Amino acid sequence: MKKRLSRKFYKRPTLKVAKELLGKYLVRQMGKKKLEGKIIETEAYIGPQDRASHAFGGKITKRNKSKYLEGGHIYIFLCYGIHWQLNITTEKVGKPECVLIRALEPPNQGAKLKRVASGPGKLCRWMKLSHSFNEEDLTKSQRIWLEDRGVKILPAQIIKTKRIGIEYAGAWKEKPWRFYVRGNPLVSRK
DNA sequence: GTACAGATTGAG
DNA sequence: TCAATCTGTACT
């Protein structure tokens, strides 16, 4: 079973989408080549009240404006001047909420664990994602989209932790808004 | 205009 | 432990 996720899937509460994205497949079509991987780690950013979000306080900049798009679009930005971070918008237009995709599990190739997408920056480098994907519509794009392949992640398999790399965010850094699949060796930060 | 820090990573 | 090096923000 392969079914592209619809607009409806994304236009729901961000935390719900972040959890349900676990087990879904991210597919990247590059000409005749196709890269794909199962999502195993996500984080939710829920502005404008979330201090860790780029949309904190409701501000809009050239960089973050795609965060305000209708659910199902891409918000991608450069971090530390080097690494791209892939986010998927949620909720309706004007709500600056999104889910950061932090790690993928690539298809088994010779039973070797491939840590090619075990972190948000590595994931984008592997799939060759950058600025040109900003504002891409995941329900229509021919080069990147998400699929439901019938993989079910049970609530008992989902681990919740604090988000990573946001020490400056005060009380917000304590929010258990990072989700990953229990026991998966390919999540970020070995 | 200058200065500084950040949703990270891999090398030392 | 540190440097890579782009963008936004808070200053002068």
Side-chain angles (χ1 to χ4, degrees), chain A residues 10 13-22 24 26 28 35 37-69 71-91 95-106 112-136 138 144 146 158-181 184-190:
Chain A
Y10 302 107
T14 305
L15 289 175
K16 205 175 174 66
V17 176
K19 274 182 272 192
E20 290 189 18
L21 277 174
L22 295 176
K24 298 295 186 289
L26 179 62
R28 167 85 166 98
L35 285 176
K38 187 169 70 178
I39 298 173
I40 54 169
E41 183 179 351
T42 63
E43 273 181 15
Y45 285 83
I46 307 179
Q49 68 274 27
D50 180 0
R51 205 155 136 48
S53 167
H54 290 154
F56 176 62
K59 69 182 174 199
I60 301 179
T61 65
K62 198 174 168 189
R63 178 175 72 164
N64 80 3
K65 70 178 169 47
S66 55
K67 212 174 170 50
Y68 290 81
L69 293 172
H73 288 81
I74 287 179
Y75 164 46
I76 191 166
F77 67 93
L78 195 58
C79 188
Y80 299 108
I82 307 175
H83 302 291
W84 291 95
Q85 314 271 300
L86 177 68
N87 294 255
I88 296 173
T89 65
T90 58
E91 288 281 6
K95 274 205 164 192
E97 306 194 359
C98 65
V99 176
L100 169 68
I101 308 298
R102 291 189 56 90
L104 300 178
E105 178 187 285
K112 240 197 264 165
L113 291 179
K114 299 208 305 181
R115 299 186 62 86
V116 291
S118 300
K122 295 169 75 175
L123 186 162
C124 289
R125 191 178 57 187
W126 182 55
M127 286 205 162
K128 296 191 168 40
L129 302 176
S130 63
H131 194 64
S132 74
F133 283 83
N134 205 28
E135 306 194 7
E136 190 91 352
L138 290 165
I144 188 166
L146 285 131
I158 298 176
I159 306 285
K160 285 183 246 189
T161 73
K162 293 189 281 189
R163 290 174 291 176
I164 289 177
I166 52 163
E167 292 310 305
Y168 59 90
W172 294 95
K173 77 171 195 284
E174 305 296 334
K175 296 281 179 191
W177 288 350
R178 170 173 176 246
F179 306 99
Y180 65 90
V181 179
N184 194 301
L186 296 176
V187 295
S188 65
R189 297 217 162 173
K190 33 196 184 297

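Chain identifiers are assigned alphabetically (A, B, ...) following the order of the sequence lines, protein sequences preceding nucleic acid strands; residue numbering begins at 1 within each chain. Since this is a predicted model, take the numbers as computed values, not measurements.
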Can you tell me which residue among A:K160, A:K162, A:R51 is in a salt bridge (Lys or Arg N to Asp or Glu O under 4.0 Å) with A:E174? A:K162
State the OH-CG distance between A:Y45 and A:N87, to the nearest 0.5 angstrom. 8.0 Å
Can you give the dot-bracket line for DNA chain C, using ( ) for pairs inside the strand, [ ] for pairs that cross earlier ones, | for pairs with another strand and . for unpaired bases, where Watson-Crick and G-U count if both distances are under 3.5 Å? ||||.||||||.
Phosphate contact (B:dT8 OP1 or OP2) by A:R125 side-chain N/O below 4.0 Å: no
Nearest-0.5 Å distance, CZ of residue A:R178 to OG1 of residue A:T161: 4.0 Å
Does A:K67 reach a base, just sugar-phosphate, or nothing at all? Heavy atoms under 4.0 Å. base
Distance check, rounded to the nearest 0.5 Å: A:K95 atom NZ versus A:T90 atom OG1? 8.5 Å
Check each residue of residues 46-53 of chain A for a non-hydrogen atom within less than 4.0 Å of any atom in DNA chain C, then write out the ones that pass by number, or none. none
Rounded to whole Å, CH2 of A:W84 lies from C1' of C:dA4 at a distance of 15 Å
Sub-3.5 Å pairs of nitrogen or oxygen atoms, protein against nucleotides 5-8 of chain C:
| residue | atom | partner | partner atom | Å |
| --- | --- | --- | --- | --- |
| C:dT5 | O2 | A:Y80 | O | 3.2 |
| C:dG8 | OP1 | A:R63 | N | 2.8 |

Does A:N64 reach the main-chain N or O of A:H54 with its side chain, forming a donor-acceptor pair under 3.5 Å? yes
Separation between the P atoms of C:dT5 and B:dG12, rounded to whole Å: 15 Å
When rounded to whole Å, the CG to P distance for the pair A:L86 and B:dT9 reads 13 Å
Drop me the distance from A:T89's OG1 to A:E135's CD, to the nearest 0.5 angstrom. 10.0 Å
For a 4.5 angstrom cut-off between non-hydrogen side-chain atoms, does A:R102 reach A:L123? no
Can you tell me the distance, in whole Å, between the CZ atom of A:F77 and the P atom of C:dT9? 13 Å
Measure CG/A:N87 against P/B:dG6 and give the value in whole Å, please. 18 Å
How close do A:R63 and A:L78 get, heavy atom to heavy atom, and via which atoms? NH1-O, 3.9 Å
Determine yes or no for a side-chain-to-main-chain donor-acceptor pair under 3.5 angstrom, with A:S188 supplying the side chain and A:A103 the backbone. no
Nearest heavy-atom approach of A:P96 to A:S53 is O-OG, 4.5 Å
Nearest-0.5 Å distance, SG of residue A:C98 to OH of residue A:Y10: 13.5 Å
